[in-house]
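Here is the naming used below: chain letters follow the sequence lines, and residue numbers restart at 1 for every chain. Side chains are part of it too, since the values below use all heavy atoms of this structure and drop only hydrogens, waters and symmetry mates.
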There are 2 protein chains.
Amino acid sequence: MLSQKTRYAIRAMQHLADNYGQGPIQLAQIAEAQNIPAKFLTTILSELSRFGIVDSQRGKDGGYRLAVSPIDITYGDLIRLMRGSLALVPCASRFAHEKCKNCLEEGDCRTRALMLEVRDRTAELLDGVRLSDRIDPVPAQVDDQD
Amino acid sequence: MLSQKTRYAIRAMQHLADNYGQGPIQLAQIAEAQNIPAKFLTTILSELSRFGIVDSQRGKDGGYRLAVSPIDITYGDLIRLMRGSLALVPCASRFAHEKCKNCLEEGDCRTRALMLEVRDRTAELLDGVRLSDRIDPVPAQVDDQD
DNA sequence: TGTATTGTCTACTTATTCAGTTGAGAATAG
DNA sequence: CTATTCTCAACTGAATAAGTAGACAATACA
């Protein structure tokens, strides 16, 4: 699961993408529109700013804007940035690869091939959609069946 | 990421699958072969037993065995059992669907469609491989690039 | 110059989850 | 009836997540 913080970051970035090229957007406005606790959002936006993916401006009429065109930011980028990896297990990560603790040797691992496949396919999907893409919302789920 | 407990559960189940039809396997043996803390494994196996996916037998020469043929257990089943869901966000889960906390209305959600696609594709892969399948291990990763 | 505004940063706090242990108990074989 | 093996509830300690507090820095504008 994505953490709450990652989800907030995604929504904040969508908000900035929707207002790209329109001058700085204030934190308070994002917080309200996206239903994110304002104080927590400061942590998140400062972090994104340190990552260099948003620019910030202080003082009157200050705020935040994307540092990069929304066409150049994928959902995969955002999740990797906030969470470190798209993979289900450390040994199946491609950018943050490390040995799974207490596991057998990687060469003997019975699931790594499958986990790599899942991570690759997930990356393909998440890197295929950009912040500039308008995604049609799917109707809310009614049934309760995963 | 999968929790350590989920990863232990998967390895324990693989061990039982490898010894399917050969009488009960003792916890201590699984723990040693799979490098899992024995006491923790009791918690895990008892849980799996309560789920009805393994049978246990107490007393001398007791142990555990799969309650179901390994051909009828997929990796997706195991992860869902231990983690509750394959999805990246609660609202994209199909079997454990619930609203994401502090989110916008589902009908307005900009990422749900994408998250549903990821979860469906992940499920397809994970439910396509069974405990009975012998997966060829992938050579250990050398480079560090996810 | 100075004051209101808006973001930055470090350091908490509090809640939750994870990982694992303890220890008493119950079934079974012999 | 005893040794073995699983069962179960409760507990602990560590890590992570989620969020808050509050002092500080930059900027605009008067």
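A:Leu45 comes within contact range of no nucleotide atom at all, as no heavy-atom separation falls under 4.0 Å.
Here the nucleotide nearest the side chain of A:Lys101, chosen from D:dT20, C:dA19, C:dG7, is C:dA19. Here the nucleotide nearest the side chain of A:Leu27, chosen from C:dG20, C:dG7, D:dG19, is C:dG7. Taking the side chain of A:Tyr64 as heavy atoms from C-beta on, and the options C:dT8, C:dG20, D:dT5, the nearest nucleotide is C:dT8. If you check C:dA19, D:dG22, D:dA18 against the side chain of B:Phe40, the one that comes closest is C:dA19. The side chain of B:Gln26 has D:dC6 as its nearest neighbour among C:dT8, D:dC6, D:dT7.
If you measure from atom CG of B:Asp55 to atom P of C:dA27, you get 17 Å, rounded to the nearest angstrom. Between B:Leu41 atom CG and D:dT5 atom P there is a gap of 15 Å when expressed in whole angstrom units. Put simply, CG on A:Leu48 is 15 Å from C1' on C:dC9, counting in whole angstrom units. B:Glu47 has its CD atom 14 Å from the C1' atom of C:dG20, to the nearest Å. Between B:Asn102 atom CG and C:dA15 atom P the separation is 17 Å, expressed in whole Å. Protein atom CD of B:Gln57 is 15 Å distant from nucleotide atom C1' of D:dT7, rounded to whole Å. Going from atom CD of B:Gln4 over to atom P of D:dT16 covers 13 Å, rounded to whole Å. In this structure, the CG atom of B:Leu2 is 17 Å from the P atom of C:dT17, given to the nearest Å.
With respect to B:Glu124 and A:Arg121, no salt bridge is recorded, no charged nitrogen being found less than 4.0 Å from a carboxylate O. Ion pair A:Lys99/A:Glu106 not flagged as a salt bridge, since none of the NZ, NE, NH1 or NH2 atoms sits closer than 4.0 Å to an Asp/Glu carboxylate oxygen.
Put simply, B:Ser49 has a side-chain N or O that comes within less than 4.0 Å of OP1 or OP2 on D:dT7. In this model, the phosphate group of D:dA18 is not approached by any side-chain N or O of A:Tyr8 to a distance below 4.0 Å at OP1 or OP2. One finds a side-chain N or O of B:Arg50 lying less than 4.0 angstrom from the OP1 or OP2 phosphate oxygen of D:dC8. When the side-chain nitrogen and oxygen atoms of B:Ser56 are compared with OP1 and OP2 of D:dT7, one or more of them lie within a distance under 4.0 Å.
With hydrogens and angles left out, the side chain of A:Lys60 and the base of C:dG7 share no donor-acceptor pair within 3.5 Å.
Annotation: side chain of B:Tyr20 is in contact with side chain of B:Ser69 (closest heavy-atom distance under 4.5 Å). Looking at B:Tyr8 and A:Asn102, their side chains come closer than 4.5 Å, going by heavy atoms from C-beta outward.
With the nearest nucleotide of DNA chain D identified for both A:Asp61 and B:Asp61, B:Asp61 has the one nearer the 5' end.
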Apply side chain to side chain contact (heavy atoms under 4.5 Å, CB included) to the pair B:Ile10 and B:Leu131, showing each step before the final yes or no.
CA-CA 9 Å; B:Ile10 290 174; B:Leu131 230 34; 5.7 Å; no
